[in-house]
Novice: 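Below are the structure tokens for one structure; questions will follow.
Residue numbers begin at 1 in each chain, while the letters A, B, ... track the order of the sequences.
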Amino acid sequence: GEDVEQSLFLSVREGDSSVINCTYTDSSSTYLYWYKQEPGAGLQLLTYIFSNMDMKQDQRLTVLLNKKDKHLSLRIADTQTGDSAIYFCAEEAAGGYNKLIFGAGTRLAVHP
Amino acid sequence: DTAVSQTPKYLVTQMGNDKSIKCEQNLGHDTMYWYKQDSKKFLKIMFSYNNKELIINETVPNRFSPKSPDKAHLNLHINSLELGDSAVYFCASSPGTGGLNTEAFFGQGTRLTVV
């Protein structure tokens with residue numbers, strides 16, 4: 001079945017880069033997503049990547065996709081305290097209907 | 001103006017009760033969803049409706065019944081609440097069900113606590 005895995009915690013110093021990694025199982029996923037959840041809030045779409053792309057850059061965010069290894073990463077440059085949140089990787093399940101399979105979320109803690 | 005709004009934000013109730021959570025979206029989207037997030041932050045889809053028709057129904061106890069009176073609303077009714085139902089329930093919507101229509105917008109969540 002479909003499965004998405006992420007490491008649960010990441011701690012970085014303010015100003016450093018953060019890299020959050022994710023592995024997924026469904027090679028037919030057309031889009032892969034990164035969502036951000038701040039404390040007490042809903043999920044906010046950060047960025048997405050189409051499966052025929054290797055990389056996508058959006059300001060401080062860089063998404064890398066290795067389709068062969070089914071590995072997705074999110075790099076946040078110049079990490080700020082406001083980036084502290086839980087980051088979820090998600091893939092579309094086979095069969096369409098936008099059934100998203102989420103990872104367990106990586107809790108990013110940014111310290112001075 | 002909130003895009004996807006859920007009410008109530010917090011719900012504390014006793015075991016055995018029946019409760020409803022309401023969701024409304026003003027984005028003109030065709031598709032709406034209910035997700036459940038447990039205490040460990042695992043997020044799983046429960047239901048999806050497209051234009052008022054049920055299109056995804058995961059393995060969810062039949063005590064949970066979604067109702068979509070129109071495509072802007074998707075309510076979740078839960079009968080005979082159990083302790084294990086305690087979680088945060090998120091409503092979401094997306095423009096459609098294919099391609100980049102799949103970008104989902106989430107509500108703020110309803111924290112349900114069953115005591």
Novice: Is A:M53 atom CE crowded by more than 12 heavy atoms from other residues, nucleotides or ligands, each under 6.0 Å away?
Specialist: yes

Novice: Linking I/L/V/M/F/W/Y whenever their side-chain heavy atoms sit closer than 4.5 Å, directly or via other members, would B:I56 and A:Y31 fall into one cluster?
Specialist: yes

Novice: Where on B:Q6 is there a heavy atom nearer than 4.5 Å to chain A: the side chain, the backbone, both, or neither?
Specialist: neither

Novice: For the interface with chain B, which of A:A41, A:G105, A:A90 has the highest count of heavy-atom pairs at distances below 4.5 Å?
Specialist: A:A41

Novice: Which heavy atom of B:K41 sits nearest to which heavy atom of A:F88, and what is that distance?
Specialist: O-CE2, 3.4 Å

Novice: Is there a side-chain contact between A:L100 and B:Y35 (heavy atoms, below 4.5 Å)?
Specialist: yes

Novice: Counting only non-hydrogen atoms closer than 4.5 Å, does A:Q44 touch chain B with its backbone (N, CA, C, O), its side chain (CB onward), both, or neither?
Specialist: neither

Novice: Looking at A:G42 and B:F90, what are the two nearest heavy atoms and their distance?
Specialist: CA-CE2, 3.4 Å

Novice: Is A:L10 linked to A:V4 within one hydrophobic cluster, defined over Ile, Leu, Val, Met, Phe, Trp and Tyr using a side-chain heavy-atom separation of less than 4.5 Å?
Specialist: yes

Novice: I'd like to know if A:I101 and A:L8 are part of one continuous hydrophobic network [Ile/Leu/Val/Met/Phe/Trp/Tyr, side-chain heavy atoms within less than 4.5 Å].
Specialist: no

Novice: If you count every heavy atom of other residues, nucleotides or ligands that lies below 6.0 Å from B:K52 atom NZ, does the total exceed 12?
Specialist: no

Novice: Below 4.5 Å from any heavy atom of chain B, which atoms of A:L43 appear? Answer side chain, backbone, both or neither.
Specialist: both

Novice: Under a 4.5 Å heavy-atom cutoff, which of B:K40, B:Q37, B:K44, B:K9 has the most pairs with chain A?
Specialist: B:Q37

Novice: Is there a path of hydrophobic side-chain contacts, each under 4.5 Å between heavy atoms of I/L/V/M/F/W/Y residues, joining B:L43 to B:I78?
Specialist: no

